[in-house]
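For reference, the structure discussed in these notes is given below.
First listed ligand is number 1; within each ligand, the first listed atom is number 1. The model shown is predicted, which means the values in this text are computed figures rather than measured ones.
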Amino acid sequence: MQLKNKFDQTAFWRVVLLLLVVVVLVISCQREDTPGDAPAANAPAEEGQAVALGADADAIIAARGLTPDDVAAALKTFTPTGKHDEYIMFASGGHSGQVYVIGLPSMRILKTIAVFTPEPWQGWGYGAVDTMEVLNEGDINGHDVLWGDTHHPALSETGGDYDGQYLFINDKANARLAVIDLRDFETKQIVKNPIAISDHGGSMVTPDTDWIIEGGQYAAPLGWEYSSLENYAEDYRGMVTFWKFDRENGRLLPDQSFAMEMPPYWQDLCDAGKLVSDGWVFCNSFNTEMATGGVEDGNPPFESGASQRDMDYMHIINLDKAAEVAAAGNTMDVNGFPVISLETAVAENLLYFAPEPKSPHGVDVTPGGEYMVVSGKLDPHVTVYSFQKIQDTIAAGNFETDDYGVPVLDFDSVIEAQVELGLGPLHTQFDNKGYAYTSLFLDSAVARWSLGGPYADLNDDPDWSLVSKTSVHYNVGHISAAEGDTVSPDGNYLVSLNKWAIDRFANVGPLLPQNFQLLDIAGTGTNMPLLYDMPLPDGEPHYAQIIKADKLSPWEVYPEVGWNPHTQSKDPNAVMPGEERIERDGNTVEIWMTAVRSHFTPEHVEIKQGDHVIWHITNVERAYDATHGFSIPVYNINLSIEPGEATTFEFDATDDGVFSFYCTEFCSALHLEMTGYMLIEPKQ
Ligand code: RUQ
Ligand code: CUA
């Protein structure tokens, strides 16, 4: 009896507890929509708990004329002081030649990474030998080329997922590629493509970052040769280059890289296959018309000449097999670089074409690698190709050939779907709910559409169909969703990289800022609100990739005092406290200096006009953020020396006089005293 009673009691309390939980859950769910009691001031809201805005907030909302959507957007993006962003976006800086690092959802700019263009804050290209060496790697035929048109940043991947180790970016104007090490967010290498003057379809990585893809664009004779435009079809060529990457040393390996010769169609953008399509590469193209322009001679302008045909060709490349052919030496030599000829590519079954409508742009592979999505700039659809159907069509020999002998697969045999989205579709990204997102340039909108196949059950919307559109402002080019081109996209956020800003910001004259707009894509169906406008005072950012912030683990200070960021090892000229000295050897003066809050040692440097000066400085600090600058007037010297960093610069003391050098970073209360005199005695 007693026992039974106890059992009853336990059961009773269990039921009560369960009911309580249900009641609390119901209330907390309701409270998301209906403001309840205000929590105590400064107490953070718990998850699922609604916060009453209170009279003060209501007054602000009324005074600023905010709508409920505005308030929701503000709450989703506001990041309180000291709180960090959930995602980090790496955006190309366009013709600034740099990369921008931006936090999401706050859209705060965290950093500029100097790449192709000198940048004074980071001391990039203002004397420090290692930075000059990297910039000089980008010299072309002896010309200093000190800018770039950065287009497509690509984060390194492991197994098709961002790994947070490296970032690659191309320079469209000069066909160059750069490697940025994400341990210190510094550019480590620039390579110039030996066969192409300009490029476009770079940089994209293969799923394990074995290869960095650089596709061409405006066809030209390979190896920067001359040939008249009259010989376009015979002498001009397109190309795709595959750069081998050495992850261990963080360098591209030109001597293990190769290119493939392509017909003089304008290869546009590429994407690597992944999972089921791993080992293959897909590039769209336009101008299969082989228009050569010349309006002044009565020819159709490029814009119409290159848009005559209904179909151009998606290039389908068997990269694994091409790498074998290149490794076997079955290549021709162009400017010292191995190139697989078109003839070999066809003979070895390395290259196929699939027709793509109309003025195609972009090609994006779905997360599982099953489908390739191509937009037609002049076609309201995206066309979805099936990798399996491509393979079946190749196996069945269901193709014709183009003028260069390349097999052109039967269009109807390789497509999976065509989805009508709107005007001017360009680029596509993916989320974790079976949706694809495509930018619509002419509609100024981002379209959400539902994938089919293995993605069909991830949302309730009908497969291969447009779900909704969100207007953006204005004329969107690329879009970037969180990890939206990997094997496991996150969803959550999407950034629209708009080409025009028009009325979004205060008038700052005829040259306007760019407009990055943040969209909330965490919902489903038509729920895809715009959250934030972010002006970027530089042009023209092109593409961006967004990585979960916790995948990055950069150093806070360099691993040890005397670190050379270029070699990522201890520098032989590192200077420890007590080792500072000045030595003369004939006309060469060599200085070993330390920097620490708030002095340089030595503080006096006396040299003679005509001397050659080699100057080493080590920042011996171990404190986070204790960066010192170093500048010398007239000689164009400006360095940034981060904690632990050792750096070297050299110059010829051509001008005599008294030069005060000083630290350019406000590093301490006595920062103004962090200075010294360089006295250059005139030649008698
Ligand atoms: S391509 S706006 Cu230069 Cu990236 Cu499409
Ligand atoms: Cu060091 Cu200011």
Side-chain angles (χ1 to χ4, degrees), residues 91-95 121 123 148-154 169-173 175 198-204 213-218 266-271 283-286 359-364 373-377 382 424-429 438-442 444 446 472 474-480 485 495-500 514 516 539-545 593-601 603 617-621 623 625-631 638-643 645 647 660-676:
S92 94
H95 35 274
W121 167 50
D149 185 9
T150 60
H151 263 231
H152 306 103
I169 192 148
N170 72 314
D171 162 23
K172 169 174 170 165
S198 63
D199 70 18
H200 182 252
S203 36
M204 288 81 200
I213 304 162
E214 183 190 13
Q217 183 138 92
Y218 307 125
W266 292 356
Q267 289 76 35
D268 189 28
L269 268 184
C270 302
D271 198 5
C283 306
N284 79 297
S285 72
F286 61 113
S359 274
H361 191 56
V363 53
D364 296 287
V373 180
V374 173
S375 297
K377 300 191 293 273
V382 284
L426 293 180
H427 296 288
T428 298
Q429 297 262 298
T438 299
S439 51
L440 301 174
F441 181 86
L442 296 173
S444 284
V446 173
V472 293
Y474 299 90
N475 296 355
V476 49
H478 277 272
I479 50 176
S480 178
D485 70 345
V495 173
S496 172
L497 288 82
N498 304 319
K499 305 291 189 191
W500 289 47
Q514 312 294 314
F516 285 4
E540 175 217 301
H542 210 87
Y543 178 49
Q545 289 191 335
M593 175 180 267
T594 57
V596 72
R597 279 162 293 168
S598 304
H599 54 269
F600 295 108
T601 307
E603 291 184 330
I617 309 178
T618 300
N619 178 346
V620 299
E621 303 267 6
D625 208 2
T627 294
H628 298 290
F630 182 87
S631 69
N638 184 39
L639 316 175
S640 170
I641 320 166
E642 288 104 62
E645 181 174 351
T647 190
S660 45
F661 55 80
Y662 71 96
C663 168
T664 47
E665 284 272 341
F666 209 114
C667 53
S668 69
L670 298 176
H671 150 81
L672 293 179
E673 288 80 356
M674 193 163 175
T675 183

Original post:
Going by heavy atoms in the side chains, are Phe441 and His427 under 4.5 Å from each other?
Top reply: no
Original post:
For residues Asp268 and His200, is any side-chain donor paired with an opposing acceptor at under 3.5 Å?
Top reply: yes
**OP:** For atom 4 (Cu) of ligand 1, report each protein N, O or S atom nearer than 2.8 Å, sorted by chain and then by residue number.
**Re:** His152 NE2, His478 NE2
Subject >> Atoms of ligand 1, numbered as shown, that sit under 4.0 Å from any heavy atom of His361 >> reply: 1 (S), 2 (S), 5 (Cu)
**OP:** Classify the side-chain pair Ser640/Glu642 by whether it contains a donor and acceptor separated by less than 3.5 Å.
**Re:** yes
Original post:
Is it true that the side chains of Gln217 and Asp199 contain a donor and an acceptor less than 3.5 Å apart?
Top reply: no
Original post:
Does Ser668 use its side chain to pair, donor to acceptor, with the backbone of Ser598 at less than 3.5 Å?
Top reply: no
Original post:
Is a donor on one side and an acceptor on the other found under 3.5 Å between the side chain of Asn619 and the backbone of Ile641?
Top reply: yes
